[in-house]
Amino acid sequence: MAYKITPIITSLFLFVSVLLFSQNSNYSALIIPDSLKQNADAVVRLNQIDIVISSQRNMNIKTKRVVSVLNENGLDAIEAYENYDKSSSVKNILATVYDAFGNELKKIKKSEFRDVSAVSGSTLFSDSRYIYLDYTPIQYPFTVVFECETATSNTAFIPQWMPLNDYAVSVEKSILNVSYPSNLGFKHKEFNFSNFNIEKTTDNSTQLSLVATKIIAQREEAVSPSFSTLFPRVMMGLELFHLEGVDGNAKSWAEFGKWYNEKILTGTTDLPEVTKTKIKTLIGNETDPIKKAQIIYKYVQEKSRYVSIQVGIGGWKPMLASDVDHLGYGDCKALSNYTKALLNVVEVPSYNVVLYGSARKRDIETDFVSMQGNHMILAIPNKEKYVFLECTSQDDPFGYQGTFTDDRNVLVIKPDGGEIVRTSIYEDIANTQISKGNYSIAENGDFSGKVGITSEGIQYNQKFRNDKLSPTDMEKFYKEYWSTINNLKIRKITFKNDTDKVSFTENAEITAANYGNVTANKMIFALNAFNPLTESVKRIRNRKNPMEIQRGSIDIDEIEIALPTSFSIEFLPTNVEIKGKFGEYEAEFVKKDNNNIVYKRKFFLKKGLYTNKEYDEFRLFMEQISRNDNAKIILTKS
């Protein structure tokens, strides 16, 4: 007996044909190797950057980036955005979205990208724009193919190649192709290539090509050094470049600094006569340069505000000081330059400083002369050193740097050339928090206490804006700060910000019901109520990265404790002293009499770079401190 199966076969053939026609198998998330999906939120299937430098004044960059997003946490890996301004243009931009099987879902053209100003509320930067993909996925995984072409006359900034630039993202293939004339002095510097699959296919007088393949997703590990010191990257630059309409020279820092001063900064510091007169009147008979600078710095803080400009936008030529004077705002370059202009009026020399600003320290690469940095501050010579001014802040003390610009190599732009110097280093023992106070425990376990906390050095940076918090935010902050005190109520809190000494003091009065746990005829509670170490150090099996404590500190506490008179001490913790490579810890319990104890504590943490093998030792060191900080007293009812 024969069966008519032809129609079924035909239908199946047509279904498969239609499916294959609508798919791009290369973009199917199903074919990604399991090794690349492990620990990954997204997989970069391809990231190809083709940079063509056709002359000193012309650079074209084409990017093709194919990213399969595995879950919501991987959305940032798409990186479908671009900056542009009067010196650079976005010639083409396109995004195509595919589903898990490689079926095309949507094609997003340039007109459908979001195109916004890089600076809100600013009129002078209206030509600084930011274009980005605004797409909400309907399911995971999905794949985005992002293609973009830009052209710019600024060849001072050749983007770094970073095949891996985030945690929890793996890379199937990343390609860099750079072509350039042989007479422009192209140079590049490679970092952290070992242990990664990177091949240099071409490196000659006119072309550089690199390919990275099969880079597995990296886990973020606590207390690791900065990303730029761990994963591969390539810096690139030209000795002969173009910036802001001017040809430049980066053969040495001296030549580069001189060029920047003469060609970019010259002509930007002129001020109206009325402003000059006002500043001279403000300074009066003061002759000390540093005291003059203090007066002017305060004037700038009160008069101006900072506006942020997206990275890559706004160029490196500051807006005119006269415009900042009139409008009262500017970015870091504008405000630094404005402060410099005001200092010029009263004959106080100062220099623009280019650096990488971030809470995690990052140096200018001193052996690679090129346009580097993302931030600008000001330096005032003071004998053999410099006083550095953060001109974007309306509340930083004069000469205080905090964690955004401290302890890193920077470029000082002087009339006779550039100079690499190191910014202020806040030594471990200067980063202090000193707490003095008292508390009493009632017979029912209720807590009532007062404490004064004075913070200096880097620890000042963490606290000194607390006096500007709203009442709601202030209560939230201190309830988190004293999270070990249940039922906390803040009765009163006052602040003293001594900007001359760079010292911030918090004076608080707090209460809490049932701090002491009363059961039958016994009471138990932790003696360290005000400053226990609560952050645990996560156990990391098979840690790969070294660990770095970027800044050290020292906490010193002395707290008087009044116990309820109807109870006597059954158990008092013993004194503790811990010393090791990471720091020192001391806890002392002084019994003044049956109902009064003085608790003394000192915790010193050293900055340093340590191997991955030392991480467990550090974790155990911190666990010891946390355990001793939680030491409890036991009282018995008399």
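Since we're looking at a predicted model, the values are computed, not measured.
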Review point. Near Asp76 CG, under 6.0 Å, is it more than 12 heavy atoms from other residues, nucleotides or ligands?
Key: no
Exercise for review: Measure from NZ or CZ of Lys251 to the centre of the six-membered ring of Phe256, then state whether that distance is under 6.0 Å and the direction lies within 45° of the axis.
Suggested key: no
Check your understanding: Has Lys463 got its NZ or CZ under 6.0 Å from the middle of the six-membered ring of Phe504, at an angle within 45 degrees of the ring axis?
Key -> no
Check your understanding: Between Phe582 and Phe621, how do the two ring planes meet: parallel, tilted or perpendicular, split at 30° and 60°?
Key -> tilted
Practice item. Over all heavy atoms of both residues, which pair between Ser455 and Glu506 is shortest? Give the atoms and the distance, please. Key: OG-OE1, 4.3 Å
**Study point:** Pair Lys189 + Glu365, salt bridge at N-O below 4.0 Å
**Key:** yes
Exercise for review: Kindly determine whether Asp166 and Gln218 satisfy side-chain hydrogen bond (donor to acceptor under 3.5 Å, both in side chains), including the steps that lead there.
Suggested key: CA-CA 8 Å; Asp166 202 356; Gln218 306 292 308; over 6 Å; no
Check your understanding: Hey, is Asp428 close enough to Arg551 for a salt bridge, meaning N to O under 4.0 Å?
Key -> no
**Study point:** Trace of the side-chain contact (heavy atoms from CB on, under 4.5 Å) decision for Glu190 with Met235
**Key:** CA-CA 7 Å; Glu190 301 164 4; Met235 289 182 66; over 6 Å; no
Study note, to complete from the structure: When every non-hydrogen atom of Pro181 is compared with those of Ile53, the smallest separation belongs to CD-O, 2.9 Å
Practice item. Could you walk me through whether Asp396 and Arg465 pass salt bridge (charged side-chain N to carboxylate O under 4.0 Å, His left out), step by step? Key: CA-CA 9 Å; Asp396 276 6; Arg465 293 184 176 89; 3.0 Å; yes
Check your understanding: Looking only at heavy atoms, which two atoms of Gly237 and Phe368 are closest? And how far apart?
Key -> N-CZ, 3.8 Å
**Study point:** Thr150 side chain to Ser88 side chain, donor-acceptor N/O pair below 3.5 angstrom
**Key:** no
Check your understanding: Of the options Tyr167, Phe193, Trp161, which is the one that meets Phe231 in a ring pair (Phe, Tyr, Trp, His ring centres under 6.0 Å)?
Key -> Tyr167
Check your understanding: Taking NZ, NE, NH1 and NH2 as the nitrogens, is one of them in Asp247 or Lys263 under 4.0 Å from a carboxylate oxygen of the other?
Key -> no
Review point. Is a side-chain donor-acceptor pair under 3.5 Å present for Tyr481 with Asn466?
Key: no
Review point. Between Glu347 and Lys276, is there a side-chain N and carboxylate O pair less than 4.0 Å apart?
Key: no
Practice item. Would you check if there is a donor-acceptor pair between the side chains of Gln207 and Thr202 at a distance under 3.5 Å? Key: no
Practice item. Could you pull out all residues at least two apart from Asn204 that satisfy side chain to side chain donor-acceptor pair (under 3.5 Å)? Key: Thr206
**Study point:** Salt bridge Glu419-Lys414, side-chain N to carboxylate O under 4.0 Å
**Key:** yes
Check your understanding: Salt-bridged, Glu255 to Lys258, with N to O below 4.0 Å?
Key -> no
Check your understanding: Do you see a donor-acceptor pair shorter than 3.5 Å between the side chains of Ser435 and Asn531?
Key -> no
Point to revise | Check ion pair Lys581-Glu617 (N to O, under 4.0 angstrom) | key: yes
Check your understanding: Is the Phe464 ring parallel, tilted or perpendicular to the Tyr460 ring (thresholds 30°, 60°)?
Key -> parallel
Check your understanding: Side-chain donor-acceptor pair under 3.5 Å between His188 and Gln160, yes or no?
Key -> no
Point to revise | Working for salt bridge (charged side-chain N to carboxylate O under 4.0 Å, His left out), residues Lys607 and Glu548 | key: CA-CA 7 Å; Lys607 73 176 178 181; Glu548 183 178 23; over 6 Å; no
Practice item. Could you check Arg360, Arg543, Lys544 and say which one makes a side chain to side chain contact (heavy atoms under 4.5 Å, CB included) with Ser224? Key: Arg543
Check your understanding: Any side-chain donor paired with an acceptor under 3.5 Å for Asn352 and Ser336?
Key -> no
**Study point:** Other residues, nucleotides, ligands: >12 heavy atoms within 6.0 Å of Tyr81 OH
**Key:** no
Review point. Checking side chain to side chain donor-acceptor pair (under 3.5 Å) against Lys361, which of Asn409, Thr403, Thr405, Asp407 comes through?
Key: Asp407
Practice item. Taking all heavy atoms of Asn154 and all of Glu244, pick out the closest pair and write down the distance. Key: OD1-N, 2.9 Å
Revision key, fill the gap. Correct closest heavy-atom pair for Leu230 and Pro225 would be CD1-O, 3.7 Å
